[in-house]
Peer 1: 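I'd like to ask some things about the structure below.
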Amino acid sequence: SGAGQYIEIDHGTYNGFTYSSRHLHLNRFKLQPGSSVTRGQHIGYMGSTGGSTGPHLHYEIKRDNANRVGYGASGVDPEPYSYTNGAPNS
């Protein structure tokens, strides 16, 4: 697929919405399907799989399983959910 190798993480329900994140175009994975993850855990390696034209990480947040949330007027801004060294970016 255009996404290449990717990991999708279920973040559960918050304020009545179900959230998940997708980390796409990965070269390798550091976990097995069904694994639990913690904030800041290394889950995979950036790559150029699928429809990618160069190495990068494509990151999406999905709400209520909507396709490609994070794009367009109804998207979810990923910045409030981003962390650097375990601390929220702000």
Peer 1: Does any non-hydrogen side-chain atom of His58 lie less than 4.5 Å from one of His56?
Peer 2: yes

Peer 1: On a heavy-atom basis, which atom in Ser52 and which in Gly47 lie closest, and how many Å separate them?
Peer 2: OG-O, 4.5 Å

Peer 1: What is the minimum heavy-atom distance between Pro55 and Ser48, and which atoms define it?
Peer 2: N-CB, 3.7 Å

Peer 1: Among residues at least two apart in sequence or on other chains, which ones pass side chain to side chain contact (heavy atoms under 4.5 Å, CB included) with Asp10?
Peer 2: none

Peer 1: Within the distance-only criterion (no hydrogens, no angle test), does the side chain of His23 pair as donor or acceptor with the backbone N or O of Tyr59 below 3.5 angstrom?
Peer 2: no

Peer 1: Which ILVMFWY residues can you reach from Val37 by hopping between side chains whose heavy atoms are under 4.5 Å apart?
Peer 2: Ile7, Ile9, Leu26, Phe29, Leu31, Ile43, Leu57

Peer 1: Quick one: does Arg22's side chain get under 4.5 Å of Lys62's, heavy atoms only?
Peer 2: yes

Peer 1: Are the side chains of Lys30 and Tyr45 in touch, meaning some heavy atoms are under 4.5 Å apart?
Peer 2: yes

Peer 1: Nearest heavy-atom pair of Tyr19 and Tyr14: which atoms, and what distance?
Peer 2: CE1-O, 3.8 Å

Peer 1: Using distance alone, with no hydrogens and no angle criterion, decide if Ser20 and Glu8 have a side-chain donor and acceptor under 3.5 Å apart.
Peer 2: yes

Peer 1: Can you measure from OG (Ser35) to CD (Gln41) and round to the nearest 0.5 angstrom?
Peer 2: 7.5 Å

Peer 1: Will you find, in the side chains of His11 and Ser21, an N or O donor that is under 3.5 Å from an N or O acceptor?
Peer 2: yes

